[in-house]
Structure formats: C-alpha cells, structure tokens
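Okay, so here's the structure we're looking at.
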There are 2 protein chains.
Amino acid sequence: MDTSIQRNPVYQQLNDRLRSALAAEYQSGDRFLTEREISEKFQVSRATANKALASLVSEGLLEFRRGIGTFVRRDLIDYDLRSLVSFTEKAKAAGKKPSSTLREFRELEAEKIDDEIREALELNPDDRVWELERLRLADGLPVILEHRYLVHSFCPKLTRTQAAGSLYQALTGPHGIEIAGADEVIRAVLLSRGEASLLEVSSRSPAFEVTAVGYTRDARPLWWERTLYRGDQYEFHSRLGPVRSATPARGQLRQH
Amino acid sequence: MDTSIQRNPVYQQLNDRLRSALAAEYQSGDRFLTEREISEKFQVSRATANKALASLVSEGLLEFRRGIGTFVRRDLIDYDLRSLVSFTEKAKAAGKKPSSTLREFRELEAEKIDDEIREALELNPDDRVWELERLRLADGLPVILEHRYLVHSFCPKLTRTQAAGSLYQALTGPHGIEIAGADEVIRAVLLSRGEASLLEVSSRSPAFEVTAVGYTRDARPLWWERTLYRGDQYEFHSRLGPVRSATPARGQLRQH
DNA sequence: ATGGTACAGTGGCTAAGCCACCTCGTCAAA
DNA sequence: TTTGACGAGGTGGCTTAGCCACTGTACCAT
C-alpha cells in the first residue's frame, strides 16, 4: 500500500538534509548537488541520483534547470511555513499594512491550561507554557484575534518584543526551531460579544475559528492556537481534484 | 519555474490514458502496463518508462509492487472526486444515513442567470443550463443546502431521478463526463431566515458558504455551485506545511 | 496432501555513453 | 572600446545492456 514512500537511501539523506536545513545551509536559489556529484558521493548510479532528485523536485523542494543544474526552492516552503504562523506575510500579499497588538503575554504552568490542550501539547502538569493573545490589524482594521500557547522549553528566552512581532522569525531564528507544519480544524462560528468588540464588528457576526497544533520537524508539538478570522474579511481557497498540486487551502484576506 | 511538469511524452500519454479512463477501461487494482511493455510500445528505454510510471505513482494514480508489477489505484481518485460532488459518500464515511430533497429542478436559458456565473461557466446568453436546488440530510437532519447550475450541453438528458440522487454518478456514468476537479472558495456567513428555516437552525446561524466551479478533464467548466454547510455540523480540516501529502482540506461531518 | 524447488516475470539499480541545452570565457570584427 | 560569434565544459535527459532481489506459479519428490 506504499504509494510513494522512497526507500531509496539517497532520497532519504538528501531529504533530511534539505528539510533540516530550513534555517541554514541552503538559501533559496542555491545550487544543489549535481547528479554526478551525488552518484559519486553516495556511490550510486546517476539514474538513482536523478530519481532521488526527481522526487524532491515533485515535492517542491528542488527545481531542475536543464543544462544548468538543480536548485533549492526554499522560498515556497518558507512562504508556506511563514503563512502558518505569520499574519504579516499574508497581509502584505493582500497589499495591506499589517500591525499587531499584544494583549496578553505571560508564562504559566501547564496545569492551569485546559486538559485537552495540555494533552495536545504532550505536556506534564509541571511543564511551562507561554500564553499569548494578539490582535492583528490590516491597514488599521482588526481582522484576526489569536490565542496561542507555546511550549516554554522550546523558546525559554522569548521576549515581549519578539512576541509582539513575527513569532515565526523569533522561533526559527534565535531559538533555531524547525517548524514542520500544523494540523488545522476550521469551523464557522459566531463571535461572542467580547470577541466581536475587539474585532470591531457587531456582536454575533460570523467568523472562521481555526484551531491548530503546530509541530517541529521531529514531530513534537510546539504550539496550540485558537484563532478567529473576521468572516467579512477572510476567505479560504482550495483546488480539489486528482491533480495534487501545491495549493492546499489557505486563508486569504479578501481583496475587493 | 516549472517544478514538476513532465515533458516526457510517455508520461503524458499514460497520464491521459489513466485520467480519461476514470469511468472505464481501468478498474482499481488492475495490472497496469509493465516497464518492459511500455519501453517496447513507446520505443523508449526502460529507465524512461520507469520515470513516467514513478511520476504517476507519486501522483497517486498507480502503485508499484516490486516483483509483481504496477497497479491502478482508481479507488483513491474516485473517492476524491466523489467527495467533490457527492454528499452521499461523506455522510456515509461519518456513519450517517444520507438522504436528499430535490427542491428545484428545471432547465433555463443562460441569459436568466447571473452574469458572473454565466461568465464562470463560459456560456453564451442563448445556451442552456440546469438549475438544481437540493437539501441534503444526514440521519434525517438537514445539513447542506445546495444551489447548482449545470451546463446543459454536457448532460442534456438529465432526469429528475438522477438529479435527486447521485449527481456524480449521473455525470460520470451515462453522460460519460470526466470530472477533473473544482475551484472552491469557502466563506463564513450568516444564514438568511429562509436558509436557516430550511436547515432547521435558528435565523442568523453561522455557516460555511462554499462557492465552487467544477471542471471537466479538458478544463471546461461543468457546473457552478453555492452550497451552505451548517456551521454546527461541519468542520474543515487541513494539514499544512512542507510535506505535500495527499490530504487537502475537505469538509467533514462532525462526529461528536 | 504437503512442501520444496526451479523458473520466468517483475521492478530496482548499475554502468557507460550520447545528446540537447546552458553558461562563460575567448577572440575577432565593428 | 564595444559587440557578437564561437567553442569548451558542465548540466540534466535519455538510451542501451545487463545484473540483482523479489514474487508468484507450476512442477516434482516426499
């Protein structure tokens, strides 16, 4: 039943090398190893080297350029990852000026948070977490209300300034964390009066509620979040069908 | 900038053959052509044949079994496609008994429908469309309200019975249409009084509004739909990150 | 009936090599 | 000095020929 699992050890090693180097070693656009280099270094044939590369190309990690070489495509991945955590990029992409208000920033014991969340984060009651609440604005208009718990051990030195800015940058930069992805559940909900007031819409307005758990590259939970997106400002796009392209659903600021 | 576009003509032909045969020729689990057959038939090397097959495997269309052969995986694709059009499968998957009420079923001129929709369907004013409105129930509970326009020329002989049942089956079966996918936009909205009453929720309840255009394999628009999902019954899941797996976002009936 | 064995067919992979394509330096002409 | 033609060397694309590991089957001895 294995469809595309590459047992090819060359693929495995190159894959690890690329994915573990999210924060360093390879920049987007860098030349990658050539087929001939790989075949020599790993003592495999060029065909096998090509096959390993082809898999990585189809996963979007590399790009073939005939007659030139194979190149790293960190930009796309970066974009995907950034958009997981960072509202900033999405807003810019929609041509809006992003800003942020840090409404809550404190450290607390895991025993004080919801059991369900603590379990999702695989924490013991005496572990610690960061609690953040941020209101995010596009062109001064509040559009996202975000509540997030971060596993403290991953980023013990998180500062208020970092928390108010790009969390993605703070995590992947100084703390050297490699974010792998997130599991999301998207629901349609009504905003409570408090939420509505913060988002400056009338009470009981529709909104997207995204509950997500983010993971590091070695599959350890890194954060839990519940984020509310103003329904009148956000829409999700997806392209379904047998063509498994590189465009999963993603929230976008409306551009009307 | 082409990441994984296969210029390989063998890949192209095999791909066409597999995708166009969604309704016939290949059953799930069937043996596909062997590398040696392909290399002979297309006058290419076995390595090239393997590369073409490997691409199709990574797309989920085929499955390699070492020492045995290559096999067709129609089931997965079918499932994806069915879930595009067919509420029935999703409901069954959630362990609910699906049923349906056909509230509207008529033929009308394209000039009478919204300009935006007519353009999305690439129709002239004197073309014809089917208009359908269906209320879909899970275990007797109304959960989806669906409004759909179908391009008449694709399925001129659509019957009321077919429209009330599985549209996917009616389109891909008798009419031999090959559905390729759909572009969707998902919004969070409030239900109008009429919609809420049909879905048996209180007025101004939250809901997902999915607006989608479905396409045939040759990229011609086949339908336009606006579908409302009860917010208290549906949630969307997605797994984001650099691992481009085969799990795009898809609405699911909650199973609480 | 059972179990071992040889065989033929499969995809996985290697090896050596030609081709089309691209970059970049060189060198001649303007 | 600038421009353009040319070619060397490197790249991925693909071929050819062949061995290997794995699988199912048919056969045969027990």
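Each chain gets a letter, A, B and so on, in the order the sequences are listed, and its residues count up from 1. Keep in mind the model is a prediction, meaning the values are calculated, not measured.
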Worksheet entry | Protein proximity profile, nucleotides 19-24 of chain D - base contact B, sugar-phosphate-only contact S, no contact -, cut-off 4.0 Å on heavy atoms | --SBSS
Once you round to the nearest 0.5 Å, how far does [atom1] of [X] lie from [atom2] of [Y]?
X         : Y         : atom1 : atom2 : value
Glu116(A) : Trp224(A) : CD    : CH2   : 8.0 Å
Trp223(A) : Thr216(A) : CH2   : OG1   : 10.0 Å
Gln162(A) : Leu171(A) : CD    : CG    : 8.5 Å

Kindly give the heavy-atom pair with the smallest separation between [X] and [Y], and that separation in Å.
X         : Y         : result
Asn50(B)  : Glu35(B)  : ND2-OE2, 2.6 Å
Ala163(B) : Leu158(B) : CB-CD2, 4.4 Å
Gly69(B)  : Arg31(B)  : CA-NH2, 4.3 Å

Rounded to whole angstrom units, what separation is found between the [atom1] atom of [X] and the [atom2] atom of [N]?
X        : N       : atom1 : atom2 : answer
Ile38(B) : dT10(C) : CD1   : P     : 11 Å
Leu33(B) : dT10(C) : CG    : P     : 11 Å
Glu35(A) : dC18(C) : CD    : C1'   : 15 Å
Arg31(A) : dC22(C) : CZ    : P     : 14 Å
Leu56(B) : dG11(C) : CG    : C1'   : 15 Å
Phe42(B) : dC14(D) : CZ    : P     : 14 Å
Gln43(A) : dA15(C) : CD    : P     : 8 Å
Phe64(A) : dC21(C) : CZ    : C1'   : 15 Å

Practice prompt. Could you point out which residue of Phe64(A), Phe32(A), Phe71(A) forms a side-chain contact (heavy atoms from CB on, under 4.5 Å) with Val57(A)?
Written response: Phe64(A)
Worksheet item: If only side-chain N and O atoms of Ser45(B) are considered, is one of them under 4.0 Å from the OP1 or OP2 phosphate oxygen of dA17(D)?
Response: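 Ser45(B) to dA17(D) OP1/OP2: no side-chain N or O under 4.0 Å.
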Practice prompt. Indicate whether OP1 or OP2 belonging to dG10(D) is found under 4.0 Å from a side-chain N or O atom of Thr34(A).
Written response: no
Worksheet, complete the sentence: Lys51(B) has its side chain closest, among dT10(C), dG12(C), dG13(D), to dG13(D)
Worksheet item: So which one's nearest nucleotide on DNA chain C is more toward 5', Glu37(B) or Ala47(B)?
Response: Glu37(B)
